[in-house]
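Naming convention: chains lettered A, B, ... in sequence-line order (proteins, then strands); numbering from 1 in each chain.
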Amino acid sequence: MPELPEVETIRRDLEPDLTGRTITGIEVHHDDIVLAPHDPRSFRRRLEARKITRVGRRAKYLLFYLDDGSVLQTQLRMSGRFALGTELPDPGEFRHIAARLHLDDGRTLFYDDMRRLGGLRLLEGREWEAEEARLGPEPLEASYRAADLARVLAVTRAPVKNLLMDQRRVAGVGNIYASEALFRAGVDPRRAGRELTAREVKRLHRSVREVLREALDQAGTSFQNYRAVNGRSGEFQFSLRVYGRAGEPCRTCRQPIERIVQAGRSTFYCPSCQA
DNA sequence: CTTGTACCCTGACCGC
DNA sequence: TGCGGTCAGGGTACAA
């Protein structure tokens, strides 16, 4: 569920507490959250006694860089969350603990995942580099230009909404912010990527960056599953203009917001403002 | 290559 | 209160 702003918020929450900590013990309560190539047994063995040198993020992945060069990649998918403390801070909020990482300062990093679609993946540095190379550019980097978006849009017949969600073309944009960025740019989500004008591409590029930046400043969007570390809520749900607002009036023109399905996911848009 | 669909899993919600 | 259907910030395997 978390997209770039949510994962980055979690990273910022965890970084000061986890950097330099050593993992002293690992408990796995649901085997299916240990992702390939490891099984729970080798996962525990390889993680034991490793020190976390850095907490990073790429696309929607939170990354723990370890002192032997390996990388613990976490995929939160739809319902993954973290809590950190000597005890579980809010047992009512965290009812599906899938794994515990015990740390050398006496605290525990709890991984909670109700649907268990996400998980933890331990990779050699080289393996992570190969994965990383398949991801598109980070849209909040200063080096990400309208020309980068134009290049991937120009060669696709798929709807622009689907393009924005494709992690190989641009990293970190998910279902909420794809709809929100398209609304801000005034672009119909059903339009074929290659049909967008240069002017529309420019607006969309600006909107993607703007909406991600604003959401990050608000610690992300919380309405169902997403929470930052220890259950902290984001605030961007109050700034959403179309997502989840089917039938409600557009904040710009008062026409009802519509919901359609694209690639199996809900898309929300204003038929009047996004003509 | 690209594009769409099924699926993984649990829980909340809605209409009957 | 129960029951079935639908939906949920994701990603991947597979088919066409």
CZ/R157(A): more than 12 non-hydrogen atoms of other groups inside 6.0 Å: no
Flag, side chain of E200(A) to backbone of A185(A), donor-acceptor distance under 3.5 Å: no
F82(A) and F64(A) aromatic ring geometry - parallel, tilted or perpendicular at 30°/60° bounds: perpendicular
Sugar-phosphate, base or nothing in reach of S179(A), heavy atoms under 4.0 Å: nothing
Nearest-angstrom distance, P atom, dC9(B) to dC3(C): 23 Å
Sugar-phosphate only, base, or nothing, as touched by R121(A) at under 4.0 Å among non-hydrogen atoms: nothing
With Y269(A), the side-chain hydrogen bond (donor to acceptor under 3.5 Å, both in side chains) member among R190(A), R241(A), Q274(A): R190(A)
Touch class at under 4.0 angstrom, heavy-atom based, for G174(A) against every strand present: sugar-phosphate
Sugar-phosphate only, base, or nothing, as touched by Y177(A) at under 4.0 Å among non-hydrogen atoms: nothing
Salt bridge flag under 4.0 Å for residues D104(A) and K51(A): no
Distance, rounded to the nearest Å, where D166(A) contributes CG and dT2(B) contributes P: 9 Å
Whole angstrom value for the distance that separates C1' of dT3(B) from CG of L163(A): 12 Å
Rounded interatomic separation in angstrom, taking CG from L153(A) and C1' from dT2(B): 15 Å
dG4(B) phosphate, OP1 or OP2, under 4.0 Å from N162(A) side-chain N/O: yes
Test item: E127(A) side-chain N/O and E124(A) main-chain N/O as donor-acceptor pair under 3.5 Å: yes
Presence of R168(A) side-chain N/O under 4.0 Å of dT3(B) phosphate oxygens OP1/OP2: no
For nucleotides 7-11 of chain B, print each protein N/O atom paired with a nucleotide N/O atom at under 3.5 Å, atom names and distance only.
from: dC9(B); atom 1: O4'; to: R115(A); atom 2: O; distance (Å): 3.4
from: dC9(B); atom 1: O3'; to: R116(A); atom 2: NH2; distance (Å): 3.2
from: dC9(B); atom 1: O2; to: R115(A); atom 2: NE; distance (Å): 2.7
from: dC9(B); atom 1: N3; to: R115(A); atom 2: NH2; distance (Å): 3.2
from: dT10(B); atom 1: OP1; to: R116(A); atom 2: NH2; distance (Å): 3.2

Side-chain donor/acceptor of R206(A) to backbone N/O of R203(A), under 3.5 Å: no
Length of the CE-P vector between M165(A) and dT12(C), whole Å: 13 Å
Watson-Crick and G-U pairing of DNA chain C written in dot-bracket, each distance under 3.5 angstrom, with | for inter-strand partners: .|||||||.|||||||
Side-chain heavy-atom pair D68(A), R50(A) within 4.5 angstrom cut-off: yes
Rounded interatomic separation in angstrom, taking CZ from F223(A) and P from dA8(C): 9 Å
Euclidean distance, atom OH of residue Y61(A) to atom C1' of dT12(C) [Å, nearest integer]: 10 Å
Separation of dA8(C) C1' from E3(A) CD (nearest whole Å): 12 Å
L63(A): hydrophobic cluster co-members (side-chain, 4.5 Å): Y61(A), Y65(A), V71(A), L123(A), W128(A), L135(A)
Heavy-atom check, side chain of L204(A) versus side chain of L164(A), under 4.5 Å: yes
F268(A) CZ to dC7(C) P, straight-line distance once rounded to whole Å: 10 Å
Phosphate OP1/OP2 of dG11(C) contacted by R265(A) side-chain N/O (<4.0 Å): no
